[in-house]
Amino acid sequence: MSSRFITTPIYYVNDRPHMGHAYASVHADVMARYLRAAGHEVFLLTGADEHGEKIARAAAQAGETPEAFVARHASEFEQAWHTLAVVPDYFVRTTAPAHKAVVQRTLQRLYDAGEIYLAEYRGLYSIGQERFVTDKELVDGKLPEDRDPPIERTEVNYFFRMERHRAWIRDLLLAQPEMIQPPQYRNEILQLLNEPIGDLSISRPASRLSWGISIPWDHEHVTYVWFDALLSYLSPLGYGQDEDENEDEAQVDHDPHGAPRHTSQTSAPSRRQSAFERFWPSATHVIGKDILRTHTLFWLSMGHAMGIAPYRRLHVSGHLLGADGRKMSKSLGNGVDPLEAARQYGADVLRYALVREVSFGFDGIISNTIIEQRLTRDLADDLGNLTSRTLAMIRKYREGIVPSARTDEVAERAIIERTEAMPAQVLALVEDMRLAQATELVMELVRHLNRYVASSAPWELAKSAAGDARLDTVLYTVVEALRAISDLLAPVMPAKMAELRGLLGLDGAPRWAQPWGEGVQAGARICEGTLFPKPQASPTQV
Ligand code: ME8
């Protein structure tokens, strides 16, 4: 068993979670569930990015203190993940004392090592993206992703010597082509690295912005929100703490089913491997393309200066677009609310639609119509129908009792072979975050089984005793394949696949790569039910 560390972006909690957030979190959660199913020890991290100008402004607008404002929104995010069946092992908040301590210790170390200096800076600042921007990035006077143009700012800031690390980052990306996926994003960054990237302003004057982590040696400045937020990938692992003081370190232990559970406990000063040592080498960040630069230029140079190994993998998503084909955004009003969609269609259906519809790394549209098409075609017509017709035939022809396979023909052998090969194929795709392809592979098996039922024609076999053995075989083959499908899709649709197992007369947790014949047993009693009710037509759909 190996340890795996997976992170979502640490979201700004200036508003409620939207579909873009759900897209990233569901992908990270699905990957975590697959790896856990395959026997890895997984630590899934998410959290709330709570400092900075954007948050301070939103709190002021809401007439709340920043503390109360972020606490309210952070808990909305936690609740949203619960609703969407995203189960993190730890929810980090950048206002937590343990995180602040990591940020301040890191700053002090880098300052002492000569990686940070004070200078005056004049430039254009985007509040939307919380960073200084260059003229080259502007389209019609503003960043394409921003509503407002950047503002001119001159101030004294502390700077991190980012440019120093440029050649090293370039060499790293050249030497490890698989580190940033899909490859177009690596190419984009390699292109940027051909020219100077400059040093990074990492502080703001406290006189202008007090909502941040104080610079430890100069309380007239607070830490730049990105320098603070990126370190929240490390603080939950107890990074930088001495062995005998790692009180707030997130420990991952296991419940009786082998799933890691987060507990915050005081660890005895021992020689055991720290969470940082255990998990950091496998770090896999899941982000959107809007924060690619911060996760490469900023984060890799910070890590290099700090003397830690670079993360193992950066999975970069494209943007979700609204039904109008434009980037989903609140101001355009072209988004689908994830909690509303989960209420309407069920969390599992939304998870499936997100994962199957928009290939990770590419832009793609999510709308109510698209979610409903996935529900109707893939889930209700293909998987739901296969299940209900098979169970109905077992009731009708075999009194609800699973028969045993009694004949051995090419058609069944092909299904068994294909089903047994699938866990390894699915996992290989999951490792590359190609979840749309992984689910499609399983859905192709579902369609194949529908064709198998049609061509085997159990209703004809049932007409005479001569067809008995063959009928038993067909029925057993489909239910055992459905059992395998429930295991293969459980990470995407945990509740629905548990329901499917129940219909097949199985209890207990799914088992990854269970050999053919060890799942559903002859003699078991099946149940009946509708796995995926079709959506009711509604006049408001877009
Ligand atoms: O950037 N389509 O937080 P954030 C797809 N706090 N994904 C989208 C999306 C869309 N239309 N809109 C947002 C921050 N996302 C920082 C991160 S990490 C140390 C700090 C997703 O709340 C996408 O994953 O703005 C994007 O990277 C993330 O939300 C940004 O979330």
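Since the structure is predicted, the reported quantities are computational estimates derived from the model, not experimental observations. First listed ligand is number 1; within each ligand, the first listed atom is number 1.
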With a 6.0 Å cut-off on the ring centroids, do F77 and H73 count as close? no

Considering only protein heavy atoms, which is closest to atom 5 (C) of ligand 1, and at what distance to one decimal place? L320 N, 3.4 Å

Working for side chain to side chain donor-acceptor pair (under 3.5 Å), residues E155 and Y121: CA-CA 5 Å; E155 58 187 34; Y121 190 79; over 6 Å; no

Out of all atoms in ligand 1, which are within 4.0 Å of some heavy atom of D49? Include the element for each. 6 (N), 16 (C), 20 (C)

Any idea which part of D290 is under 4.0 Å from ligand 1, heavy-atom wise: side chain, backbone, both or neither? side chain

Side chains of L321 and R326: does their closest heavy-atom pair fall under 4.5 Å? no

Taking the non-hydrogen atoms of M19, is any one of them nearer than 4.0 angstrom to ligand 1? no

Which ligand 1 atoms, with their elements, are less than 4.0 angstrom from a heavy-atom of M328? 11 (N)

Under 3.5 Å, is there a donor-acceptor pair between the E115 and H165 side chains? yes

Should Y12 be counted as touching ligand 1, given the test is an N or O pair under 3.5 Å? yes

Closer than 4.0 angstrom: is that true for some heavy atom of S329 and an atom of ligand 1? no

Ignoring hydrogens and angles, state whether a donor on the side chain of H219 or S214 is under 3.5 Å from an acceptor on the partner side chain. yes

Within 45 degrees of the ring normal and closer than 6.0 Å to the centroid, is that where the cationic atom of K496 sits relative to F532? yes

Return the closest protein heavy atom for atom 17 (C) of ligand 1 as residue, atom name and distance. I10 O, 3.3 Å

Tell me whether E178 is salt-bridged to R312, with the criterion being a basic N under 4.0 Å from an acidic carboxylate O. no

Closest protein heavy atom (residue, atom, distance) for atom 1 (O) of ligand 1: I291 CG2, 3.4 Å

Those atoms of ligand 1 less than 4.0 Å from some heavy atom in Y233: 18 (S), 19 (C)

Min heavy-atom dist H18 to ligand 1 below 4.0 Å: yes

Show which atoms of ligand 1 fall inside a sub-4.0 Å distance from at least one heavy-atom site of A24. 24 (O)

Result for salt bridge (charged side-chain N to carboxylate O under 4.0 Å, His left out) between E357 and one of R351, R377, R374 points to R374

Is it the case that ligand 1 has an N or O less than 3.5 angstrom from some N or O of L230? no

Going by the order shown, which atoms of ligand 1 are within less than 4.0 Å of some heavy atom of K327? 11 (N)

Counting only nitrogen or oxygen atoms and a 3.5 angstrom limit, does Y23 reach ligand 1? no

Please report which non-hydrogen protein atom sits nearest to atom 8 (C) of ligand 1, along with the residue it belongs to and the distance in Å to one decimal place. G20 CA, 3.3 Å

Taking both backbone and side-chain atoms of G288, is any N or O found less than 3.5 Å from an N or O belonging to ligand 1? yes

Mark up the atoms of ligand 1 that fall under 4.0 Å of a heavy atom belonging to H319, in ascending order. 2 (N), 5 (C), 10 (C)

Residues 56-66 side chain polar contacts: donor-acceptor under 3.5 Å, at least two apart:
unit_1: E64; atom_1: OE1; unit_2: R72; atom_2: NE; d: 3.3
unit_1: E64; atom_1: OE2; unit_2: R72; atom_2: NE; d: 3.3
unit_1: E64; atom_1: OE2; unit_2: R72; atom_2: NH2; d: 2.4
unit_1: T65; atom_1: OG1; unit_2: A68; atom_2: N; d: 3.1

For G318, counting its heavy atoms only, list the atoms of ligand 1 lying under 4.0 Å from any of them. 5 (C)

So, regarding W226 and ligand 1 (criterion: nitrogen or oxygen to nitrogen or oxygen, under 3.5 Å), is there a contact or not? no

Please report the C-alpha distance between F43 and R4 in whole Å, then the side-chain angles of each, then the deciding distance to 0.1 Å, and finally whether the side chain to side chain contact (heavy atoms under 4.5 Å, CB included) criterion is met. CA-CA 6 Å; F43 186 164; R4 301 291 295 266; over 6 Å; no

Would you please say whether a donor-acceptor pair under 3.5 Å links the side chains of H40 and Y34? no

Steps toward side chain to side chain donor-acceptor pair (under 3.5 Å) verdict (H99, D228): CA-CA 9 Å; H99 171 73; D228 160 1; 2.7 Å; yes

With atoms numbered from 1 as shown, which atoms in ligand 1 lie under 4.0 angstrom from a non-hydrogen atom of H295? 18 (S)

Below 4.0 Å from any atom of ligand 1, is there a heavy atom belonging to P9? yes

I'd like to check whether I287 has a polar contact with ligand 1, where a contact means an N/O of the residue lying under 3.5 Å from an N/O of the ligand. no

Note the single closest protein heavy atom to atom 29 (O) of ligand 1, along with its residue, its atom name and the distance in Å. H21 CD2, 3.4 Å

Ignoring hydrogens and angles, state whether a donor on the side chain of Y239 or S274 is under 3.5 Å from an acceptor on the partner side chain. no

Just how far is it from atom CG of L124 to atom CG of L138, taken to the nearest 0.5 Å? 6.0 Å

